[in-house]
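Worksheet: the structure to be examined is printed underneath.
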Amino acid sequence: MTAITWSHDVGQVAEEKQARRLTVAIDGPAGVGKSTVAKLLASRLGYLYLDTGALYRATAWAVIESGLDPADAKAVADLLSTLALQMQFHHGAATVFVNGKDVSGELRTPLVSSAASVISAMPAVRAWLLPIQREIGQGGAVVAEGRDMGTKVFPSADVKFFLEADPTVRAQRRHRELVAAGHSGALEETTTDLAGRDTRDRSRSIAPLVPAEDAQFIDTSTLSIAEVVDLMMAAVAAKL
Ligand code: DC
């Protein structure tokens with residue numbers, strides 16, 4: 001039986017900031033700074049930060065752990081019915097469980113990144129994860145980050161952003177992140193990985209990475225994290 005559950009500590013959403021429980025959608029390619037700014041924006045607003053990539057990564061982790069080929073769509077679809085995915089939110093951080101095991105620390109390896117990109121192109125995986133994302137975001141007061149937040153998961157979000165950045169800058173940022181997390185590997189490898197994921201994410205037939213028509217573009221190539229968050233905060237504040 002499929003069991004997808006989630007829980008969240010509502011205490012983290014400051015009451016005085018709930019006057020309008022906005023849904024903020026942030027989309028963009030890998031390495032553009034989405035997670036960092038989404039987390040900070042959510043914290044400034046007292047909103048829940050929903051990292052939807054973590055759901056795809058947790059599913060990919062389970063595929064690898066089961067010894068399956070991530071490209072085998074039938075095997076991946078069959079596996080879904082045996083998976084219980086749980087996300088717990090507490091003080092701005094999410095813990096992700098797969099069949100009761102906390103996998104949060106194992107989701108950002110290059111192997112999981114690449115498998116997540118492959119399985120996220122599969123209709124069965126996207127259909128499986130869609131309701132859980134919507135359920136988490138249904139009460140508003142959420143900053144949701146991913147590839148199809150503004151187009152597919154939360155098409156009527158109150159504020160939508162699409163972040164872009166020069167591919168070289170994105171690869172350097174992602175490489176620094178990996179090195180800081182203790183992974184080895186050359187910058188060239190990260191650049192190639194990122195280019196591959198970009199192509200897959202943008203060209204897949206289902207929920208490709210495209211900006212929503214009403215999304216506000218932010219090019220983060222030359223902006224600091226604080227500058228990006230300030231720009232976003234100004235746009236959100238106008239709707240509060
Ligand atoms: O944001 P991220 O790097 O953690 O995402 C991991 C992979 O999951 C990425 O290659 C694309 C996919 N993804 C997706 O297709 N849709 C989302 N809403 C979030 C992530």
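Hydrogens, waters and symmetry mates play no part in the numbers below; they use all other heavy atoms, side chains included. Every number for a ligand or one of its atoms is a count from 1 in the order of the listing. Throughout, residue positions are numbered sequentially from 1 according to the sequence presented.
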- For Leu50, the option from Thr23, Val153, Val24, Val142 that meets side chain to side chain contact (heavy atoms under 4.5 Å, CB included): Val142
- Task: Apply salt bridge (charged side-chain N to carboxylate O under 4.0 Å, His left out) to the pair Asp198 and Arg170, showing each step before the final yes or no.
- Result: CA-CA 11 Å; Asp198 271 5; Arg170 292 195 282 118; 2.6 Å; yes
- Please state which protein non-hydrogen atom is closest to atom 4 (O) of ligand 1 and give its distance, to 0.1 Å? Arg57 NE, 2.6 Å
- Going by an N to O cut-off under 4.0 Å, is there a salt bridge joining Lys160 and Asp214? yes
- Check Arg204 against ligand 1 and report side chain, backbone, both or neither, counting heavy atoms closer than 4.0 Å. side chain
- Task: Just let me know how Ala30 lines up against ligand 1, side chain, backbone, both or neither, with a heavy-atom cut-off below 4.0 Å.
- Result: neither
- Query: Between Ser114 (side chain) and Leu111 (backbone), is there a donor-acceptor pair under 3.5 Å?
  - Reply: no
- Ranked by distance from atom 8 (O) of ligand 1, the top protein heavy atom is Tyr56 CB, 3.5 Å
- Message: Keeping Thr220 on the side-chain end and Leu223 on the backbone end, is there a donor-acceptor pair under 3.5 Å?
- Response: no
- Message: With heavy-atom distances below 4.0 Å as the criterion, list the atoms of ligand 1 near Ser117.
- Response: 10 (O)
- Message: Below 4.0 Å, non-hydrogen atoms only: which portion of Asp201 touches ligand 1? Side chain, backbone, both or neither.
- Response: side chain
- Item | Minimum-distance protein heavy atom relative to atom 1 (O) of ligand 1 | Arg147 NH1, 2.8 Å
- Message: Using a 4.0 Å cut-off to any heavy atom of Ser120, which atoms of ligand 1 qualify?
- Response: 11 (C), 12 (C), 15 (O)
- Note on the structure: Exactly one of Asp27, Asp201, Asp51 clears salt bridge (charged side-chain N to carboxylate O under 4.0 Å, His left out) with Arg147, and that residue is Asp201
- For atom 19 (C) of ligand 1, which protein heavy atom lies nearest, and how many Å away is it? Thr52 OG1, 3.4 Å
- Item | Any N/O pair Asp148/ligand 1 closer than 3.5 Å | yes
- Item | Nitrogen or oxygen atoms of Arg126 and ligand 1 under 3.5 Å apart | yes
- Query: How does Met149 reach ligand 1, if at all, at less than 4.0 Å between non-hydrogen atoms: by side chain, backbone, both, or neither?
  - Reply: side chain
- Message: Strictly by side chain to side chain donor-acceptor pair (under 3.5 Å), give each pair with a member in residues 60-70 just once, sequence neighbours left out.
- Response: Trp61-Glu106
- Task: For the pair Asp148 and Arg126, find out whether any cationic side-chain nitrogen is under 4.0 Å from an anionic carboxylate oxygen.
- Result: yes
- min-distance protein heavy atom vs atom 3 (O) of ligand 1 -> Arg197 NH2, 2.8 Å
- Query: To the nearest 0.1 Å, how far is atom 7 (C) of ligand 1 from its closest protein heavy atom, and which atom is that?
  - Reply: Ala116 CB, 3.8 Å
- Partners passing ring pair (Phe, Tyr, Trp, His ring centres under 6.0 Å) against Phe162 (at least two apart in sequence or in another chain): Phe217
